[in-house]
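Please read the structure below before turning to the comments.
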Amino acid sequence: MHWTLLFIAAVFEIVWAVGLKSTAGFTRLWPSLGVGAALVASVGLLALAARGLPIGTAYAVWTGIGAAGTALAGIAFFGESASPARLVCLGLIVAGVAGLKFFAK
């Protein structure tokens, strides 16, 4: 259950990070409120997941999924570079996250 909460928290991290673009520097009310809600949900779920997982593992997995997911969203929605080197680096992040889950106690 803790891993599920952590994964959902990471999805909310991707949502708020990608949503930052639509806030125009927090000058647009509704996108800003959406980003704030996703941020609170993300950190709240991370806290719940950390009850049953080592905090170092939980935080590293949360940020790793968030970073990789946000970068992939940038490629998909904002035309950011999808160079082979960049994709390899994203793959390394995903491999690190998978390793942390696999070797977590």
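Bear in mind that the values here come from a model prediction, so they are computed numbers and not experimental data.
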Separation between CG of L100 and OH of Y59, rounded to the nearest 0.5 Å: 13.5 Å
Got a donor-acceptor contact below 3.5 angstrom from the T63 side chain to the A60 backbone? yes
Please determine whether residues I93 and L87 belong to a single hydrophobic cluster, defined as Ile, Leu, Val, Met, Phe, Trp and Tyr linked transitively by side-chain heavy-atom distances below 4.5 Å. yes
Find out if a path of hydrophobic residues (ILVMFWY) with successive side-chain heavy-atom gaps under 4.5 Å connects V11 to V61. yes
So which heavy atom on T27 is nearest to which on S32, and how close? N-OG, 4.3 Å
From M1 atom CE to L48 atom CG, the distance as rounded to the nearest 0.5 Å: 9.0 Å
Note: A17 and T70 closest approach over all heavy atoms is CB-OG1, 3.5 Å
Going hydrophobic residue to hydrophobic residue with side-chain gaps under 4.5 angstrom, can you get from V88 over to I65? no
Are V15 and L33 connected into the same hydrophobic cluster when the rule is that any two of I, L, V, M, F, W, Y join if their side-chain heavy atoms are below 4.5 Å apart? no
What heavy-atom pair brings L20 and F26 nearest, and what distance separates the two atoms? CD2-CZ, 3.5 Å
With a 6.0 Å cut-off (strictly less than), is the heavy-atom count around CZ of R86, excluding the residue itself, greater than 12? yes
Do I75 and L90 have side chains that approach each other closer than 4.5 Å (heavy atoms only, starting at C-beta)? yes
Could you tell me whether the side chain of F12 reaches within less than 4.5 Å of the side chain of L46, counting heavy atoms only? no
Looking only at heavy atoms, which two atoms of I14 and G69 are closest? And how far apart? CD1-CA, 3.6 Å
Would you check if V18 and F78 make a side-chain contact, meaning some heavy-atom pair closer than 4.5 Å? yes
ILVMFWY cluster, F7 and W62 together (side-chain gap under 4.5 Å): yes
Heavy-atom nearest pair, W3 first then K101, reads CH2-CA, 3.6 Å
Determine whether a donor-acceptor pair (N or O, by modelled atom type, separation under 3.5 Å) exists between the side chain of S42 and the backbone of A38. no
Here the pair of heavy atoms bringing H2 nearest to A49 is O-CB, 3.4 Å
